[in-house]
Undergrad: 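Quick one: structure below, then a few questions.
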Amino acid sequence: MDLRHPEPWSDLKKVELHVHLDGAVRVETILDVARRRGIALHQRTVEELRNIIILEEPVDLTQFIGKFAVYMHVLAGDREAIRRIAYEFVEDKAKEGVIYVEVRYSPHLLANSDVDPIPWDQEEGDVTPEEVVKLVNQGLQEGERDFKIKARSILCCMRHQQNWSNHVVELCDRYRHEGVVGIDLAGDESRDCDAYPGHRRAFEEAVRRGIHRTVHAGEVGAPSVVREAVEVLKAERVGHGYRTVEDPELYRQLLHREMHFEVCPISSRLTGACHPDFTQHPAIRFREDQANFSLNSDDPLIFDCTLNQDYRVAQEKMGFTLDEFKRLNINAAKSSFLPDGEKTQLLEQLYDAYGMRRSTAF
């Protein structure tokens, strides 16, 4: 690798742990599926649809979530579309130098049967959340075969739909040997688990069954949401976690535990989670404190970004070096939800790619 290259990370082998399948769809695919299904969209060209979906300036999290309503009704409940977006996702990640990715999604938000309420104002059909999982697994496995990277999935519970959470646990358990490696809790952080105890019970069951756990927390919510994630829901990783630094005691505890923070730089600016000036981003504090964290793209469709652009921001605006990029990818591999044997293989692949021996690794 040429260290004089202005973007030395561009050819770096990478690990990505926080990216949403339904936020990583190609605009061309949305239009193709809409035409095939006879779904009328007000936007008829790629450029017109991009202009509606993509965020260019910071908004609040509610406005961001509203972007999914523009196109999710096109994809949900369609078997061919669900398999296709999973396959294309793997192809796109391979082009970014990703060798291992954990992609997350809510199977209930892509279904139109055996789900209450049926999302996106769809009419009831015959695609259940379980079939969604099978279709995504199929697409990811076909992508692995064709593009020579490893892809696994995390199933999301949604904070506003606690009645789905037990089913999510069941699906995680049922498909844990077919590509599903963990469970997540996503959505509005103001909905705590005291008021929505279905999530707490579901995560207690996930712990009992040995299902790996990550939780969106501390993105726009207070540090107390992070504390709840790690103490009540027993999260092994924290999605985002930026507000943790506002509680020094909690932050020290999580540093000591080597809790992994799934950092998404471009996302955090456009959702209003962090200061719009990247030079004030909490990732700089994480780096200075040698925290365990990774860089991720979150929802590349809506943020009009690639993982490489998140790396560019980290280099140009936050002062990250090539060695620091290597370190965070090794930490991401160590914090992945892969079984131990596969995790060791992934780490060896990174050490070889980085020209490092295990004894000299970070």
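As the structure is a computational prediction, the values presented were derived from the model and not from experiment. Both backbone and side-chain heavy atoms feed into the values below; hydrogens, waters and symmetry mates do not.
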Undergrad: Does a salt bridge link K334 with E258, judged by any charged N lying under 4.0 Å from a carboxylate O?
TA: no
Undergrad: Can you check whether H281 and H275 have ring centres sitting under 6.0 Å from each other?
TA: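 They do not qualify: ring centres at least 6.0 Å apart.
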Undergrad: Using the ring of each side chain (for Trp, its six-membered ring), is H108 parallel, tilted or perpendicular to H167, with breaks at 30° and 60°?
TA: perpendicular
Undergrad: So, do F286 and V245 sit near enough that their side-chain heavy atoms are less than 4.5 Å apart?
TA: yes
Undergrad: Start with the C-alpha gap between V168 and C156, add the side-chain angles, then the distance that decides, and say whether side chain to side chain contact (heavy atoms under 4.5 Å, CB included) holds.
TA: CA-CA 7 Å; V168 175; C156 293; over 6 Å; no
Undergrad: So does K150 pair up with E342, basic N to acidic O under 4.0 Å?
TA: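 Salt bridge: yes.
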Undergrad: Could you verify whether a donor N or O on one side chain and an acceptor N or O on the other, from N331 and H260, lie under 3.5 Å apart?
TA: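 No, no side-chain donor-acceptor pair sits under 3.5 Å.
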Undergrad: Charged N to carboxylate O below 4.0 Å: is that the case for E249 and R252?
TA: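 Looking at R252 together with E249, the answer is no, because their closest N to O distance does not fall below 4.0 Å.
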Undergrad: May I ask you to check whether H216 and D184 show a side-chain donor-acceptor distance below 3.5 Å?
TA: yes
Undergrad: For R327 and Q290, run side chain to side chain donor-acceptor pair (under 3.5 Å): C-alpha distance rounded to whole Å, both residues' side-chain angles, the deciding distance at 0.1 Å, then the answer.
TA: CA-CA 10 Å; R327 174 182 175 272; Q290 294 288 289; 3.3 Å; yes
Undergrad: Hey, are S335 and N292 close enough side-chain-wise for a donor-acceptor pair under 3.5 Å?
TA: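 S335 and N292 do have a side-chain donor-acceptor pair below 3.5 Å.
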Undergrad: Within this structure, what is the NE2-CG distance for the pair H18 and D298, rounded to the nearest 0.5 Å?
TA: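 Result: 4.0 Å between the selected atoms.
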Undergrad: Answer whether the closest heavy-atom distance between the side chains of V238 and T214 falls below 4.5 Å.
TA: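 SC-SC contact between V238 and T214 ruled out.
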Undergrad: Decide, yes or no, whether a salt bridge links D289 with R285 under the criterion of side-chain N to carboxylate O below 4.0 Å.
TA: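 Yes, this pair counts.
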Undergrad: Please confirm whether the backbone N or O of L233 pairs with a side-chain atom of R200, one donor and one acceptor, at under 3.5 Å?
TA: no
Undergrad: Is any NZ, NE, NH1 or NH2 atom of the basic residue among R209 and E170 found under 4.0 Å from an Asp or Glu carboxylate oxygen of the other?
TA: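 Salt bridge between R209 and E170, a charged N being under 4.0 Å from a carboxylate O: yes.
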Undergrad: To the nearest 0.5 angstrom, please state how far the CD1 atom of I149 sits from the OH atom of Y100.
TA: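 Reported to 0.5 Å precision, the distance equals 10.5 Å.
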Undergrad: In plain terms, say whether R213 and E236 are close enough for a salt bridge, that is, a side-chain N and a carboxylate O under 4.0 Å apart.
TA: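 Yes, R213 and E236 are salt-bridged.
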Undergrad: Between F203 and V207, is there a shared hydrophobic cluster once you connect ILVMFWY residues whose side-chain heavy atoms come closer than 4.5 Å?
TA: no
Undergrad: Check K93 with E16, please: is the shortest side-chain N to carboxylate O separation under 4.0 Å?
TA: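 A salt bridge links E16 with K93.
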Undergrad: Would I54 end up clustered with L31 when hydrophobic side chains under 4.5 Å apart are linked, directly or stepwise?
TA: no
Undergrad: Please lay out, stage by stage, how K13 and D352 fare under the test side chain to side chain contact (heavy atoms under 4.5 Å, CB included).
TA: CA-CA 10 Å; K13 301 299 183 185; D352 288 346; over 6 Å; no
Undergrad: With a 4.5 Å heavy-atom cut-off, do D304 and E56 have their side chains touching?
TA: no
Undergrad: Mind checking whether V225 and M259 sit in one hydrophobic cluster, side chains of I, L, V, M, F, W, Y counted as touching below 4.5 Å?
TA: no
Undergrad: Would you say the side-chain atoms of E189 pair up with the backbone N or O of E219, donor to acceptor, closer than 3.5 Å?
TA: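 Between the backbone of E219 and the side chain of E189 there is a qualifying donor-acceptor contact (under 3.5 Å).
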Undergrad: Of the non-hydrogen atoms in V46 and V27, which two are nearest, and what is the gap between them?
TA: O-CG1, 3.8 Å
Undergrad: Verify the distance criterion only: is there a donor paired with an acceptor across the side chains of H199 and Q162 at less than 3.5 Å?
TA: no
Undergrad: Using a 6.0 Å distance limit plus a 45 degree cone around the ring axis, check whether K326 lies over the aromatic ring of Y351.
TA: no
Undergrad: Answer whether the closest heavy-atom distance between the side chains of T306 and S297 falls below 4.5 Å.
TA: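 T306 does not reach S297 side chain to side chain.
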Undergrad: Below 4.0 angstrom, N of the basic side chain to O of the carboxylate: do R237 and E262 qualify?
TA: yes
Undergrad: To the nearest 0.5 Å, tell me how far L307 CG sits from I266 CD1.
TA: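 It comes to 9.0 Å.
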Undergrad: Would you mind checking if K234 and E204 are paired as a salt bridge, meaning a charged N to carboxylate O distance below 4.0 Å?
TA: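 Looking at K234 together with E204, the answer is no, because their closest N to O distance does not fall below 4.0 Å.
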Undergrad: Got N137 and L135 here, is their nearest side-chain heavy-atom distance under 4.5 Å?
TA: no
Undergrad: Measure the acute angle between the ring planes of Y87 and F147, then classify it against the limits of 30° and 60° as parallel, tilted or perpendicular.
TA: tilted
Undergrad: State whether the side chain of D173 and the backbone N or O of V169 hold a donor-acceptor pair below 3.5 Å, judged by distance alone.
TA: no
Undergrad: Please determine if E231 and R227 form a salt bridge, counting it only when a charged side-chain N lies under 4.0 Å from a carboxylate O.
TA: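 Salt bridge present between E231 and R227.
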Undergrad: Do any N or O atoms from the side chain of E130 and from the backbone of L171 form a donor-acceptor pair under 3.5 angstrom?
TA: no
Undergrad: Heavy atoms, side chains only, cut-off 4.5 Å: are P129 and D114 in contact?
TA: yes
Undergrad: With side chains defined as the heavy atoms from C-beta onward, is the minimum distance between D299 and K67 less than 4.5 Å?
TA: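 Counting from C-beta outward, D299 and K67 never come under 4.5 Å.
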Undergrad: Side-chain donor-acceptor pair under 3.5 Å between N296 and S294, yes or no?
TA: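 There is such a pair between these side chains.
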Undergrad: Counting only N and O atoms by type, is there a donor-acceptor contact under 3.5 Å from the side chain of W120 to the main-chain atoms of L75?
TA: no
Undergrad: Can a donor-acceptor pair be found between the side chains of E124 and S113 at a distance below 3.5 Å?
TA: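 Side chains of E124 and S113: no pair found under 3.5 Å.
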Undergrad: Is the shortest side-chain heavy-atom distance between D78 and I82 below 4.5 Å?
TA: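 They are not in contact (no side-chain heavy atoms under 4.5 Å apart), so the answer is no.
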Undergrad: Determine, step by step, whether Y71 and L301 satisfy the side chain to side chain contact (heavy atoms under 4.5 Å, CB included) criterion, reporting the C-alpha distance in whole Å, the side-chain angles of both residues, the deciding distance to 0.1 Å, and the verdict.
TA: CA-CA 11 Å; Y71 64 89; L301 165 62; 3.6 Å; yes
Undergrad: Kindly determine whether R152 and E144 satisfy salt bridge (charged side-chain N to carboxylate O under 4.0 Å, His left out), including the steps that lead there.
TA: CA-CA 10 Å; R152 299 292 182 266; E144 284 188 309; 2.7 Å; yes
Undergrad: Using atom types as modelled and distance alone, determine if a side-chain donor or acceptor of Q122 lies under 3.5 Å from a backbone N or O of P119.
TA: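 Present.
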Undergrad: Might you work through the side chain to side chain donor-acceptor pair (under 3.5 Å) test for Q345 and Q349, ending with a clear yes or no?
TA: CA-CA 6 Å; Q345 292 175 356; Q349 191 175 355; over 6 Å; no
Undergrad: Is any NZ, NE, NH1 or NH2 atom of the basic residue among E246 and R243 found under 4.0 Å from an Asp or Glu carboxylate oxygen of the other?
TA: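 Salt bridge present between E246 and R243.
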Undergrad: Starting from the C-alpha separation in whole Å, work towards a yes-or-no answer on side chain to side chain contact (heavy atoms under 4.5 Å, CB included) for V101 and V15.
TA: CA-CA 6 Å; V101 61; V15 174; over 6 Å; no
Undergrad: CD/Q63 to CG/L270 distance, rounded to the nearest 0.5 angstrom?
TA: 12.0 Å
Undergrad: Is E123 atom CD crowded by more than 12 heavy atoms from other residues, nucleotides or ligands, each under 6.0 Å away?
TA: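 Count not over threshold, so no.
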Undergrad: Decide if the gap between the ring center of F64 and the ring center of F303 is smaller than 6.0 angstrom.
TA: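 Between F303 and F64, which both carry aromatic rings, the centre distance is below 6.0 Å.
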Undergrad: Taking the basic N atoms (NZ, or NE/NH1/NH2) and the acidic carboxylate oxygens, is any pair closer than 4.0 Å for R79 and E131?
TA: yes
Undergrad: Test salt bridge (charged side-chain N to carboxylate O under 4.0 Å, His left out) on E178 and K134; report intermediate values, then the result.
TA: CA-CA 9 Å; E178 299 179 41; K134 293 179 181 179; over 6 Å; no
Undergrad: Cation over ring, R84 on F89, under 6.0 Å and within 45°?
TA: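 Verdict for F89: no cation-pi partner in R84.
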Undergrad: Hey, can you tell me if Y251 and F261 have their rings parallel, tilted or perpendicular (30° and 60° cut-offs)?
TA: tilted
Undergrad: Salt-bridged, D277 to K317, with N to O below 4.0 Å?
TA: no
Undergrad: Determine yes or no for a side-chain-to-main-chain donor-acceptor pair under 3.5 angstrom, with E48 supplying the side chain and R44 the backbone.
TA: yes
